[in-house]
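Data block below; observations after.
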Amino acid sequence: MMELLTAEQLDKFTVQVAGLEHPRELIIDLLRSVQDNHGWVPDEGVALVAKILGLTPLEVEEVATFYDKIFRQPVGRYPIHICDSICCWSRGGDALATHLREHLGIDFGETTADGLFTLLPSCCLGACGRAPAIMVGQNTYGPLTTDDADRIVDALRQEAQG
Amino acid sequence: MAESAEKLKILICQGTGGLASGAAQVAEAFETEFEKQGVEASIGKRCAVIGTGCRGLCANDVLVDVCIPGKEAVTYDFVTPELVPQIVQDHILGEGPIEKKKAGPYYEKFLEKQQRIIFSRCGTIDAESLDEFLEHRGFEGIRKAVTMKPSEVIEEVKKSGLRGRGGGGFPTGMKWSFCAATPGESKYLICNADEGDPGAFMDRSILEGDPYGLIEGLMIGAYAIGCKFAYVYVRAEYPLAIKRLQMAIDTCYEKGFLGKNCLGLGFDLDMRIKAGAGAFVCGEETALMASIEGHRGMSRPRPPFPAVRGLWGKPTNINNVETFANVSYIFYNGADWFNAIGTEGTKGTKIFALTGKVKHTGLVEVPAGTTIKEVIYDVCGGIENNRKFKAVQAGGPSGGCLPSNAIETEVDYDSLIKAGAMMGSGGLVVMDETTCMVDIARFFLQFTRVESCGKCIPCRIGLKIMLEILERITEGKGQEGDIELLQDMAYDIKKSSLCGLGQTAPNPVLSTIRYFRDEYETHIKEGECPSHSCKPLLHFRVIEDKCKKCGLCPRVCPVDAIEWEKGKVAYIDLEKCTKCTSCYDACRFMAID
């Protein structure tokens, strides 16, 4: 979990950079890989990406901070993205968000004390046909009642223990 | 072919919508059941459980088709793993379809007015199988295109009348000809799959359900324009789409269908996915190119247009996913065939995403010229809970709200603009009588303000000020002249913003003022919300004739301010009430105002 890039990834990216006319185009790919391995992008991650691409850390930082789904702060093991766009909102997305905040005891942008969950509002997840929806990792869930949301959280807790 | 024709097939939607409702578990249950019951042996046919793309009727997922050779396919909806043994036992091994569990007449109605062309492979074939794609006319289009000169290919697209499906509706053939005419050895082709508009998810569905079809559209475009390199920019929120498309691209490379000498047809094309990282503005073409180049996704002034100076300063052509998907079909069936569908100004079909307070949410493909009313009522079953229709938001945060007297509007680029909305990406968010139109305008503006990249001042600061005005109106603190101020600012922001985001962001405000001005006035002059939806304007009174005496509100009240006895209308003690809105949120009958 703590490694920024595996030796294999590092090799792959180094080869790729050498073959590209504009290595900078890999910046998001690199940041995403670091985040996949480490959960979020620490300062060392920014420095590493900068080194691979021959950029300054500041140049990488300005890209990393532009995008919502690159995390420059620690997040929980399961960041929960709650869609806050129109379709989910019109079908009870607000109430779902309020419920999750109460249930987990955290506000948006915060992480639970056990380090498992971070709540994040998200732009439309494209699951409007199944609103209200949330996304955890690669999985989208919807339409959710508050009970469904609790069940998902419980299942993830169990997964973390098991 | 012969073998697959005799197979018993189970088609299960494996798009994001289907998977969210447990499609993977349903598929597994079928596999297990087939094995357990020895189905293959007892019916003497091979059985295949096939994961398809989205079927459209997302509200009723999981949808399952049981196709027994020689018999008509039967569709079941709301299938759970628990239902699977019964389907296998009674339908496949037993006497026939389980009538009670079949998708009702609404499914036929849902399909009746649709013309599923772009979606013809979504939901019917295995989305991940190149072989199935090839069996369903796959790569016929590009094979036909290469028999023509690139300029003839562009002419054919022009003749078809295809216009960009991303929102603006610019004629595709003309766009291609601009880029083709720009001198330069290296040119880029970009497919915009950064489908950020809330309420639109047809591009996701195409990526997940027919990834090879998209690749074929890109091949045709690349051949016509003379591009050697294509990028598909997919947003981060679509992990499954990225996975499927990557798999399809990898397979094409393995087979030699991409890379040097594509399909052995004598042209080269490399293709790569660029995954976004969460920024709505990257759907705008200049911001999208900045993002691919590895910069902050901020837009820049045009001209120069991408066709002249695009990605890394090279001529670049950008089209939307649905546009490229259309291109494949134009070359399967010819420009004349395509041109015959639709209206004078809009040819072909358009996919709409129906969401909000409509009975059957999902994806619908109709020929241009169908009215919005037909789409909502005939295809999608009308308003949920039989409430009254109030408005439909067409075209996402850049579009406009149409009231009931405007929904006879045809699905057509020009008609929609005339009505005050736009085709946009094709999202239709349906609103019922409980929705406050001022609040909707505020909601959309809140969205565009957050997503503004911040580069130009009209968008960054102008939207913020408009939002503040709308906020004070929804709080009952509106002032005389606010409506006119909003209109003035909207006009200025539209005229002076750098990119499409700012230029269209005030549209929801303008269209709601145009059609629902009385609601704005009631908020400002009387401090009332006619829809009883703006929370700061609630009175916390029980409306006697709406109260169903169910006793839910006293249970959710945290300060015991609600008095209720069985069979009696509830009463809220305003002395004790803290206006937390728990009762309002809980009441299913809108009986608290």
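Residue numbers start from 1 in every chain, and the chains themselves are labelled A, B, ... in the order their sequence lines are given, proteins ahead of strands. Quick caveat, the model's predicted, so the values are computed rather than measured.
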Using non-hydrogen atoms and a 4.5 Å limit, figure out which bit of A:Ser122 sits close to chain B: side chain, backbone, both or neither.
side chain
Most heavy-atom pairs under 4.5 angstrom with chain B, which of A:Ile27, A:Leu31, A:Leu53, A:Val63?
A:Val63
Chain B-proximal positions within residues 78-85 of chain A [heavy-atom distance under 4.5 Å]
A:Asp84, A:Ser85
In the structure I gave you, are the side-chain heavy atoms of A:Phe66 and B:Met298 within less than 4.5 Å of one another anywhere?
yes
Decide yes or no for B:His295 and A:Arg24: does some side-chain heavy atom of the first lie under 4.5 Å from some side-chain heavy atom of the second?
yes
Using heavy atoms and a sub-4.5 Å threshold, report which of residues 125-138 of chain A line up against chain B, by residue number.
A:Leu125, A:Gly126, A:Ala127, A:Cys128, A:Gly129, A:Arg130, A:Met135, A:Gln138
If you count every heavy atom of other residues, nucleotides or ligands that lies below 6.0 Å from B:Lys359 atom NZ, does the total exceed 12?
yes
Output the distance between atom SG (A:Cys87) and atom CZ (B:Phe201), rounded to the nearest 0.5 Å.
7.5 Å
Part of B:Arg204 lying under 4.5 Å from any heavy atom of chain A:
side chain
Name the option with the most non-hydrogen atom pairs under 4.5 Å to chain A; the candidates are B:Pro198, B:Ala59, B:Gly196.
B:Pro198
Looking only at B:Cys58, B:Ala277, B:Pro239, the option with the highest number of non-hydrogen pairs under 4.5 Å against chain A is B:Ala277
With only heavy atoms counted, which part of B:Ala200 is less than 4.5 Å from chain A, the side chain, the backbone, both or neither?
backbone
Going from CZ on B:Phe447 to CH2 on A:Trp89, what distance comes out if it is rounded to the nearest 0.5 angstrom?
13.5 Å
Do B:Ser291 and A:Ile28 make a side-chain contact, defined as non-hydrogen atoms from C-beta onward lying under 4.5 Å apart?
yes
Please state whether the side chain, the backbone, both or neither of B:Cys54 comes within less than 4.5 Å of a heavy atom of chain A.
neither
Checking A:Ile152 against chain B: side chain, backbone, both or neither under 4.5 Å from a heavy atom?
neither
Which heavy-atom pair separates B:Glu237 from A:Cys123 by the least distance, and what is that distance?
CG-O, 4.4 Å
dist B:Glu293:CD -> A:Glu25:CD (nearest 0.5 Å) comes out at 9.5 Å
Sort out for me which of B:Gly297, B:Ser21, B:Ala353, B:Gly427 touches chain A most, counting heavy-atom pairs under 4.5 Å.
B:Gly297
As an exercise: rank B:Gln393, B:Lys357, B:Met431 by heavy-atom pairs under 4.5 Å with chain A and give me the winner.
B:Lys357
Identify the two heavy atoms, one from B:Ala279 and one from A:Tyr67, that lie closest to each other, and give their separation to 0.1 Å.
CB-CD2, 3.7 Å
Rounding to 0.5 Å, atoms CD1 (A:Ile86) and CZ (B:Phe443) come to a distance of 5.0 Å
Among B:Glu384, B:Lys274, B:Glu195, B:Gln446, single out the residue with the greatest number of heavy-atom pairs under 4.5 Å to chain A.
B:Lys274
Heavy-atom distance under 4.5 Å to chain B: side chain of A:Arg91, backbone, both or neither?
side chain
